[in-house]
There are 2 protein chains.
Amino acid sequence: MTNIKDIALHCGVAISTVSRVLNDHPDVSQDTREKVLRAVKELHYIPNTSARNLVRTSSDTIALLVKGVNNPFFARLIKVIGREIAQRGYSLELHHMDTSEDELRIGAQLTNERKLIGILFLGGRFNYSPEEMALIHVPSVFCTYTNTFGNLNPSAYSSVAIDDKQAAQDAVDALVALGHRKIAILTDNKDDRSISELRFQGYKDALAMHGIPFEPNLVACTGTFSDMRAIYEATSRLIERDSSFTAIFAIADLMAIAAIKALSDHGKRVPEDCSVVAIDGLELSSYTLPTLTTLVQPAEEMGLLCAKTIIELIEHPGQNRQYTFETVLRPGGSVCRLNG
Amino acid sequence: MTNIKDIALHCGVAISTVSRVLNDHPDVSQDTREKVLRAVKELHYIPNTSARNLVRTSSDTIALLVKGVNNPFFARLIKVIGREIAQRGYSLELHHMDTSEDELRIGAQLTNERKLIGILFLGGRFNYSPEEMALIHVPSVFCTYTNTFGNLNPSAYSSVAIDDKQAAQDAVDALVALGHRKIAILTDNKDDRSISELRFQGYKDALAMHGIPFEPNLVACTGTFSDMRAIYEATSRLIERDSSFTAIFAIADLMAIAAIKALSDHGKRVPEDCSVVAIDGLELSSYTLPTLTTLVQPAEEMGLLCAKTIIELIEHPGQNRQYTFETVLRPGGSVCRLNG
DNA sequence: AACGATACTGGAAACGTTTCCGGAACTTGC
DNA sequence: GCAAGTTCCGGAAACGTTTCCAGTATCGTT
């Protein structure tokens, strides 16, 4: 493996000069610059990242901490994030986390051990305390987190998200506009300080706004975003417990798909007997039978902004910022007017 | 940031002793070992990976090169791979590639620049030449590649895959057993030296085995594994061109789902008017309407084996090896007996 | 009592960079 | 033709580890 010293020897210059050339420092003549560059080619020199990181006390890799890499919405984000990060010359370290793991603690450990220069969080909670946030010493962006950070000052974090509460309200509004008043909700959890809680809150707010009483009986918790079986079973229990509802609001597309299957298996047709609305806007959801009515999150734009934001924060440390995207309703075949 | 020197000072021992403790070397007394360990805790010492990598002239990160991170089958693999790699103390660098990119060349570049210690390839071609393979100087595992590496000696590569040809044959066999003889195929490409080609080959072999003539007219190419719209359109064109078929074999679950939608939009009911069989076995496919009949790839086991294999190859360089998994048919509602 | 073996420890070089500091050579302005 | 500034370059320290080598103390054997 040829190193910087070999280049220096080969060119008859000092090591420091080679380093200057390699790092585009100004103080080097055109002649020597070319000479060094030529040697670099000839000797197939490849810089040693470890050595560079050691003296710079930093690296070029950004961590991506994902709660559930198999979540298809995240998959879309990861794709664009990966592409942008690579194109800008950084690299991505992927860490899958289970829901029970503490993302902030893991992030802190990772950055210390591995000199990561930034963290992208996908999924997780939102009510971090200032003390918890203080664990993280590098720029970070919370993606798909809501902007409603309970205890935190906006200057304390950066985020890219949709307005989860609003999206949930929009979903319920759409159902109410079709005449539905007995609307069940299919959610991950009610009070886990994640987007689930916010969407649940949006659901309740929308009901209240329309003068519809909230019925705890119509709440089905799946405990998961992606385990279809668990979602199917939660929906089944809901149906068996109280099948008076005429519509379901599912907080994610996959949940809606499993719910439709459960409804069907219980003899309820969608949308004739029960309408279904979800949030996500996966491409897949336009190709199921029936197609899904869903609030579309602009995944590609969001992912790109995540990447751009973390890089900006790394290259020009400055103000934290929060971005909120609008969701738009994509009509599908899973809803219809009540008694219509 | 406290370092190994601080620990040494604090304990009144030499740096080398601390290093020995940290690396579980035998030559150190119980007393000093405990003393050092205590100091490590107290001072919140965290080893510097760059420095360690520098002297060891290697890193601890394995690259994961994925053709299409948004492929849901890959997502399942990535999840278990990520978990295993992390648990074994390594870390994962993720690289998304588009189909047009040359995975081997990118892998070679990456390993040189960044001292990666291994590469996991997900997706891609299979007919690498010995010259191309020679670009890669670190242990690597080709996952989801078929084992049928055209030009390569088995000692030249490691792989974890299903028998793609066999799975395709099984799919067709299942349809034939139900009385179908006009069987269309929905594939990515026919001759791109990827799994698509193998599954296509398996399809043709099965037809031949049953004495069914191969009809080029019944081949629909999507050019993609995951773009639902393109798949839908390819299927639509197939139907409009020649709707004499009574069954479709789709080489991936997502393709089958889009195809069912296209069939439905053209007034063909599944399975009454057309049966559909696919390969993948996504959990999702058991929750669509109708549910999918599909050959299940054991994704979690395959992912785990990928991780274990690459680690084994790294820790104990040795023989390359190829693993083949069996697929099993998961019956669903997307097929029925012809005229039954 | 002397010796070799054993158990443990310290010193120092090495890994491949970056960067600070000082100095040589060359230019400019008078 | 000389001081002052500019441009370019080399030397060397530093980053935080690992590991080799040599050394001391302790112990058991004879």
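Residue numbers begin at 1 in each chain, while the letters A, B, ... track the order of the sequences. In this text, all values refer to a predicted model and were calculated from it rather than measured experimentally. Side-chain atoms are counted along with the backbone in the values below, which use heavy atoms only and exclude waters and symmetry mates.
Of the listed nucleotides (dG10(C), dC15(C), dG10(D)), dG10(D) has the atom at the smallest distance from the side chain of Arg20(A). In this structure, the nucleotide among dT18(D), dG16(C), dT19(D) sitting nearest to the side chain of Val55(B) is dT18(D). Proximity note for Val28(B) (side chain, C-beta onward) versus dT19(C), dT9(C), dC15(C): the nearest is dT9(C).
Separating the CZ atom of Arg56(B) from the P atom of dC20(D) is a distance of 13 Å, rounded to the nearest angstrom. The distance from atom CZ of Arg33(B) to atom P of dC8(C) is 9 Å, rounded to the nearest whole Å. In this structure, CD1 of Ile4(B) is placed 17 Å from P of dA12(C), rounded to the nearest angstrom. Straight-line distance from the CG atom of Leu54(A) to the C1' atom of dC15(C): 9 Å, rounded to whole Å. Asn3(A) places its CG atom 6 Å from the C1' atom of dG16(C), with the value rounded to the nearest Å. Nucleotide dG16(C) holds its P atom 9 Å from the CG atom of Asp6(A), rounded to whole Å. Look at CG on Asp60(A): it is 13 Å from P on dT18(C), rounded to the nearest Å. Per the geometry, CG belonging to Asn53(A) stands 19 Å off P belonging to dC15(C), to the nearest Å.
The two atoms that bring Leu43(A) and Thr2(A) nearest to each other are O-CG2, 2.9 Å, heavy atoms only.
For an aromatic pair to be called close, the ring centres must be under 6.0 Å apart, and Tyr128(A) with Phe142(A) satisfies this.
Residue contacts shown for Ile7(A) are absent, as no nucleic acid heavy atom lies under 4.0 Å away. Across all strands, Ser29(B) comes closer than 4.0 Å only to sugar-phosphate atoms, never to a base (heavy-atom distances). Thr32(B) comes within 4.0 angstrom of sugar-phosphate atoms only, judged by non-hydrogen atoms across all strands, and of no base. At a threshold of 4.0 angstrom between heavy atoms, the contacts of Leu22(B) with the nucleic acid are absent.
Atoms CD and CD, on Glu132(B) and Glu103(B) in that order, are 8.5 Å from each other to the nearest 0.5 Å.
Taking only side-chain nitrogens and oxygens, Asn23(A) comes nearer than 4.0 Å to OP1 or OP2 of dT18(C). Contact annotation: Ser19(A) side-chain N/O to dT17(C) OP1/OP2 distance is not under 4.0 Å. Neither OP1 nor OP2 of dG16(D) sits under 4.0 Å from any side-chain N or O of Asn48(B). Of the side-chain N and O atoms in Ser16(A), none sit less than 4.0 angstrom from OP1 or OP2 of dC9(D).
Ser16(B) and Ser19(B) are not linked by any side-chain donor-acceptor pair at a separation below 3.5 angstrom, with hydrogens and angles left out of the test. Side-chain polar atoms of Tyr90(A) and Glu315(A) form a donor-acceptor pair below 3.5 angstrom. Under the 3.5 Å distance criterion, with hydrogens and angles disregarded, a donor-acceptor pair is assigned to the side chains of Glu93(A) and His95(A).
For the pair Gly12(B) and Thr57(B), nearest-nucleotide mapping onto DNA chain C gives the more 5' position to Gly12(B). Nearest-nucleotide positions on DNA chain C for Gln30(B) and Ala51(B) put Gln30(B) closer to the 5' end.
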